[in-house]
Amino acid sequence: MTINTETAQLLKRVAAVFRVKEGDTFRYKAYINASVAIDNLSEPLVEVWKRGGLDSVPGIGENLAAYLNEYFSTGKVKHFNSLFKKVPSGMFPLMTIRGIGPITAYKIAKKFHLNEEKTAISDLKEILIKGELNKIKSFKEKTVQKIQKALNIQSFGKTRLPLYEALPIASEFIDYLIKSKYILAAEPLGSLRRKLETVGDIDFGICSSTPKKAMDYALTYSKISSVITKGGMVSHIKLINGLEADLKISLPNSWGSMLQHYTGSKLHNIHLRTITKEKGLSLSEYGITKKEKLNHFTSETKFYQFLGMDYIPPEIRENGGEIELAQSHKLPRLIELTDIKGDLHIHSDYDFESSHDLGVSSLSEIFAVAEQKKYQYVGFTDHNPKFLGLTENQKNKIILDRKKYLEAQFHAYEKRVKHRVIKLLIGMEVDIRTDGTIALSEKSLSLLDYAIVSIHSSFGLTQEENTKRIIQALSHKKAKILGHPTGRTINSREPISANWAEIFDFCAKNKKIIEINAYPTRLDLPSDLIKQAVQKGVRFVINTDSHEDSQMENMKYGVWQARRGYAEKKDIVNTFSFENLRSVLEL
DNA sequence: GCCGTTTTCGGCCCGACTGTTTTCAGTCG
């Protein structure tokens, strides 16, 4: 479990205690909001804490910042622990079951003395087998059945699905939906539409003039394993791969409002409604109510216009200041996939045994894809030779041979194409060693157009050590780009600890470029950090880190990530013409 | 507990769905 999931869960538990013991629904909501905000954060909260930025997280104020400070310093919060003593601990695991909230969980845990977290779920199963759950007043047959059903389909410890796994699942369902004559349009909503790095479940919006027929059609999709709830306009299902999905139907005249509503984020919508409520407006998935008249919207653009705002792209609807920017017409013009003019991090098929993780596609295969994408340049950056047994001269010869190999293929390509030639850059991805030196000699470096420097080992150094090694590595004049900066891999490796503000300041001052690595399991930098770096005037390059030609399609993931970080075309160097790029790389 | 262009008190998004209810509570997103 990541630090953010863990912290979000802690606050959710505190919220539950306020709900059941104090009856304090507002404090409950405050804790829930903070919990949601933390869960949506792409940067580990502990890193935010280290740089003193806790209160910049929406939903975290003075008090929560103090509690979290205690939590990260000592590993516990005394105030929270005294609250937890007021309830049986067994209620907390029960809350992870769909349909069981704080109140139901408390009733069950209290009645059956479920005081152990570890056994609470199995205890509940036993209670159900004995048929004793209806001993609780207000628990009739249907409630018992509902809990039984939820337990049967519960997938415990489920992790959020990476975006690249969720997207094809969603596309396949959408393809099915739009085949129906009753369905006019269908879109994935929620975190998938906002292009979050991981998604918890998938929401689908369905536009139809005949909702009942549309819903019946949708629910006959062959890959649905169970229908959890079924309503006229909303149903909740589980797909055979275990993923849960919500289906929401909208009439055509309110399609825009519905897209807006279910795209969220939750905190974006809450903030939007809070500030418009003061002007006598009430917002819902059906439209905007003003003076008791409901105004319908067929598009989101019209919806935001009615509120006096510019259209806010889904990728930044995270309650991070975008609403105020839209009100003052100062939203950034986010980078688009079509702005991209090249890819500077591709692994070639040059086979040298002393490297690792070689590419498999030839230059002509890579250039064929680049041609389709109308790229103007491609940069090859294989890993540096790593064998300890090699002398510097031997390594240098490898670099030279590789250069000749790529140039020979390039000349062959040049002869074939007459009209427009894609430019070739020969770089290398060079390790940043623990001590901050880079793993290639001056002589070898001089053979390269540029070096991407990346951390591939010793991820566990302290914040100070990592900051120092990165800045030192980037200080070399050939080191133009910091590759996959945090080293994180989604759902598997935590990012390294580093003082990013200091690194960003260094990069802005010394014109070093930070990579937004588009490889779907990396998506590195996280969007929160991109946003900070953009504010400091740092420039980025969006690279696919491709090891075969098909992976060049991953560029879109990097662009989405950049958009989530408020990056514009001018912030991304591989939107530049080749001449401007040359000047940025000092070639 | 959070938050602020009617700020340091007094509010706190909105609706669907379900179940146990004759008007509402709980959960979810």
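Nearer to the 5' terminus of DNA chain B, by closest-nucleotide assignment, is the contact made by A/D24 (compared with the other of A/V144 and A/D24). Heavy-atom nearest nucleotides on DNA chain B were determined for A/F139 and for A/G61, and the one closer to the 5' end corresponds to A/G61.
Note on A/K142: only backbone sugar-phosphate atoms sit closer than 4.0 angstrom, heavy atoms only; bases stay farther off. Looking at heavy-atom distances under 4.0 Å, A/Y31 makes contact with sugar-phosphate atoms alone, never a base. Looking at heavy-atom distances under 4.0 Å, A/G232 makes contact with sugar-phosphate atoms alone, never a base. If you check every strand for non-hydrogen atoms under 4.0 Å, A/L283 touches sugar and phosphate atoms only. The residue A/Y67 sits close only to the backbone: its heavy atoms come under 4.0 Å of sugar-phosphate atoms, none of a base. Heavy atoms of A/L64 sit under 4.0 angstrom from primed sugar atoms or phosphate atoms, though from no base atom.
Contact of the A/P102 side chain with the A/F18 side chain is not registered, since no non-hydrogen atoms from C-beta on lie closer than 4.5 Å.
By the rule that a glycosidic angle within 90° of 0 means syn, B/dT7 counts as syn.
At the phosphate of B/dC13, neither OP1 nor OP2 sits under 4.0 Å from any side-chain N or O atom of A/R273. At least one side-chain nitrogen or oxygen of A/R98 sits closer than 4.0 Å to the OP1 or OP2 atom of B/dG29. An OP1 or OP2 oxygen of B/dC14 is reached within less than 4.0 angstrom by a side-chain nitrogen or oxygen of A/K277. Here A/Y286 reaches the OP1 or OP2 of B/dA16: one of its side-chain N or O atoms lies under 4.0 Å away. Between B/dC13 and A/S282, no contact under 4.0 Å exists linking OP1 or OP2 to a side-chain N or O. Listed pair A/N63 / B/dC2 meets the phosphate criterion, a side-chain N or O lying under 4.0 Å from OP1 or OP2. In this structure, A/T104 reaches the B/dT27 phosphate: one of its side-chain N or O atoms is under 4.0 Å from OP1 or OP2.
Taking the six-membered ring for Trp and thresholds of 30 and 60 degrees, A/F80 and A/Y67 have ring planes inclined between 30 and 60 degrees apart. Between A/F297 and A/F306, the ring-plane angle classifies as perpendicular under the 30° and 60° cut-offs. Using cut-offs of 30° and 60° on the angle between ring planes, the pair A/Y176 and A/Y217 is parallel.
As a whole-Å value, the separation of A/I100 CD1 from B/dT18 C1' is 14 Å. Taking atom CG on A/N33 and atom P on B/dG29, their separation rounds to 15 Å, with Å as the unit. Nucleotide B/dT27 holds its C1' atom 11 Å from the CD1 atom of A/I32, rounded to whole Å. Here the C1' atom of nucleotide B/dG1 and the OH atom of A/Y28 are 14 Å apart, to the nearest Å. What separates CD1 of A/I103 from P of B/dC24 is a distance of 16 Å, to the nearest Å. Atom CD in A/E278 sits roughly 10 Å away from atom P in B/dG4 (whole-Å rounding). Regarding A/N269, its CG atom lies at a distance of 15 Å from the C1' atom of B/dA16, rounded to whole Å. Spacing between atom NZ of A/K140 and atom C1' of B/dA25 amounts to 14 Å, rounded to whole angstrom units.
Closest approach to the A/K146 side chain among B/dG1, B/dC17, B/dG19 is made by B/dG19 (side chain taken as heavy atoms from C-beta onward). Residue A/R19 places its side chain closer to B/dG26 than to any other of B/dG26, B/dC14, B/dG29. Nearest nucleotide to the side chain of A/S284, out of B/dT20, B/dC14, B/dC13: B/dC14.
Of the P atoms belonging to B/dT23 and B/dC28, the separation is 26 Å, rounded to the nearest Å. Comparing the P positions of B/dT21 and B/dG26 gives a spacing of 13 Å, expressed to the nearest Å. B/dT8 and B/dG1 have their C1' atoms separated by 14 Å, given to the nearest Å. Look at the C1' atom in both B/dG11 and B/dT6: the space between them is 13 Å, to the nearest Å. Separating the P atom of B/dC3 from that of B/dC13 is a span of 13 Å, rounded to the nearest Å. One P atom belongs to B/dA25, the other to B/dT20, and the distance between them is 16 Å to the nearest Å.
In this model, no donor atom of one side chain and acceptor atom of the other lie less than 3.5 Å apart for A/E47 and A/Q463.
Between A/E43 and the choices A/R51, A/R488, A/K531, the salt bridge (charged side-chain N to carboxylate O under 4.0 Å, His left out) rule is met once, by A/R51.
Under the Watson-Crick or G-U wobble criterion, with both distances below 3.5 Å, B/dG19 is paired with B/dC24.
Using a 4.0 Å cut-off between charged side-chain N and carboxylate O, A/D216 and A/K230 make a salt bridge.
For the pair A/R317 and A/Y311, the cation sits on the ring face: its NZ or CZ lies under 6.0 Å from the ring centre, inside 45° of the axis.
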